[in-house]
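This structure is a prediction, so every number in the text was calculated from the model and none was measured. Hydrogens, waters and symmetry mates play no part in the numbers below; they use all other heavy atoms, side chains included. Throughout, a chain's letter reflects where its sequence line sits, starting with A, and its residues are numbered from 1.
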Number of protein chains: 2
Amino acid sequence: MGALHEGHCSLVKQSIMENDHTVVSIFVNPSQFAPHEDLQSYPKTLLKDMELLAARFPNKPVDAVFVPTVSEMYPSGITLDVGNQRGAFVLVLGCSEQLEGVTRPQFFRGVATVVSKLLNIVTPDKIYFGQKDAQQCVVIKNMVKDLLIDTEVRVLPTTREESGLAMSSRNQYLSPESKQHSAAIYRGLNAGEIFYYSQNGPTKSTDILDKVRSIYNQEEKSRFELEYLSLNHPETLDKLDIVTPGEGAIMSTAVKVPRADGSGQARLIDNVVLK
Amino acid sequence: MGALHEGHCSLVKQSIMENDHTVVSIFVNPSQFAPHEDLQSYPKTLLKDMELLAARFPNKPVDAVFVPTVSEMYPSGITLDVGNQRGAFVLVLGCSEQLEGVTRPQFFRGVATVVSKLLNIVTPDKIYFGQKDAQQCVVIKNMVKDLLIDTEVRVLPTTREESGLAMSSRNQYLSPESKQHSAAIYRGLNAGEIFYYSQNGPTKSTDILDKVRSIYNQEEKSRFELEYLSLNHPETLDKLDIVTPGEGAIMSTAVKVPRADGSGQARLIDNVVLK
């Protein structure tokens, strides 16, 4: 979706290493936004994005930056009013409804739809996503498997700022102070992760999540509002009562923090994968 | 879906003429059947189908017959209980809900899903459908357009028996007598068609449909039960009050007739395209 940062660059770098040709798609996809969400204010910085790509990859640059228009991607048109949408959409049932899907019920329908279109246009051997969007990765992996799409889904580790805060285009919404508080998101997940590995065996989810919450509870509620914190199966996203080494889990969270411009809250997500 | 007849063969013949290679897919797709429908009894005649293809195309045979298993086509499994389905599905909103969609609300979701999988596996330059399944053709054309799938959808005319009855695998369910009565389906549509062209200008849908109904009303209701009869826009399937030359319409119908084995009714569909 553009507003490129080092997280995106890590995907581009890996693709350049692993493939003969690399295409970067930049498209702020309307169908994954609800009418009340930040489609209008979502950062659009195409020229800066192009400069960043040129500066970061001077020797073996990307082969193309694909920047389609909305009407090219949605030939039947697209409205954010889901009840009035027409045209083809891709649903991935079973892993789209929980976690992010609770507050964003149409989000993964929009994501799966636009990714299926990008795959049909570019027909890549490999497609790259960041682990930061953990549920998106599961949805896309299931879509590719179920629709028998001939591509390999590569998921690369979350890129973090020095504070541990996961890189995100939405971090632009934060003041330096808010960024500092947001670093608690990963500090908490990390505390849960350390606890899990210290147990060295099947561990109750509530015990792991309590460790995370003990960090989150140190933050003032007005500056750090927890939306969800959950442990789910890494492939089905079914909720787990117990995490078992070997099967593993995704521990994920969404937190709301104040926006720098005073216009409400920014919503940040993060996760760690337990093995 | 197999149970091949001359309608299917006309598609195969055209594909052999127009392409270097032809693949025939035979797959009775569970996700387009509702739990109360005829998935179990749907005719499965693979060996006969293979013999028919070999006999009809001795000089330039088809290159492959693709006969996947259900688990190959549905890697996440498939249940007919829609509320419990998991995995990726393709919706085509706006043209799936009317006509066939009224009594078969999940039908076109199943059709679009399986066709998108077949397209991803085979990646054909062209894909062939019969006009008999008019709404299916519209749904698939819209899916290909909206998901930017690189294939050409070819729609070929309905193949008919001498009586005018559209060829269908479900005609196997009919007694010779029932087949005779079913011939009224096309006789009616044809009467409407002749009336429309005789008007040589914009014509009220009710006037056209009255001509069709006057034929259908000659049949005994116990032997010929009209489910719907409708005039719709050829691309959007929006209902039309007036049919205008140049824009045109699809005039379509579904009729239920007694099955030869006494086990309820067979459901037959047919249509004509008005230009």
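- The CG atom of L147(A) sits 6.0 Å away from the NZ atom of K117(B) when rounded to the nearest 0.5 Å.
- Taking G94(A), P75(A), C95(A) one by one and counting their heavy-atom pairs under 4.5 Å with chain B, the maximum is reached by P75(A).
- Nearest heavy-atom pair across R109(B) and L93(A) is NH2-CD1, 3.3 Å.
- Enclosure of atom CG in D150(B) is not indicated, since only 12 or fewer non-hydrogen atoms of other residues, nucleotides or ligands lie within 6.0 angstrom.
- Ranked by heavy-atom pairs under 4.5 Å with chain A, the first of A112(B), S96(B), S76(B), G87(B) is G87(B).
- Separation of atoms OG (S116(A)) and CD1 (I149(B)) is listed at 7.5 Å; rounding is to 0.5 Å.
- Atom CG of D125(B) sits in a sparse spot, with 12 or fewer heavy atoms from other residues, nucleotides or ligands closer than 6.0 Å.
- When heavy atoms are compared at a cutoff of 4.5 Å, T123(A) does not approach chain B at all.
- The number of heavy atoms from other shown groups lying within 6.0 Å of NZ (K141(A)) does not exceed 12.
- The only option from I121(A), L118(A), L119(A) that meets the side-chain contact (heavy atoms from CB on, under 4.5 Å) definition with L148(B) turns out to be I121(A).
- Within a 6.0 Å sphere centred on CG of N19(B), heavy atoms belonging to other residues, nucleotides or ligands number more than 12.
- Both the backbone and the side chain of F89(B) come within contact range of chain A, each with at least one heavy atom under 4.5 Å from a heavy atom of that chain.
- For the residue pair R86(A) and T236(B), the shortest heavy atom distance occurs at NH2-O, 3.3 Å.
- Within a 6.0 Å sphere centred on NZ of K145(B), other residues, nucleotides and ligands contribute more than 12 heavy atoms.
- Atom-to-atom distance recorded for D146(A):CG and N120(B):CG is 11.5 Å, nearest 0.5 angstrom.
- Taking a 6.0 Å sphere around NZ of K239(A), one finds it holds 12 or fewer heavy atoms contributed by other residues, nucleotides or ligands.
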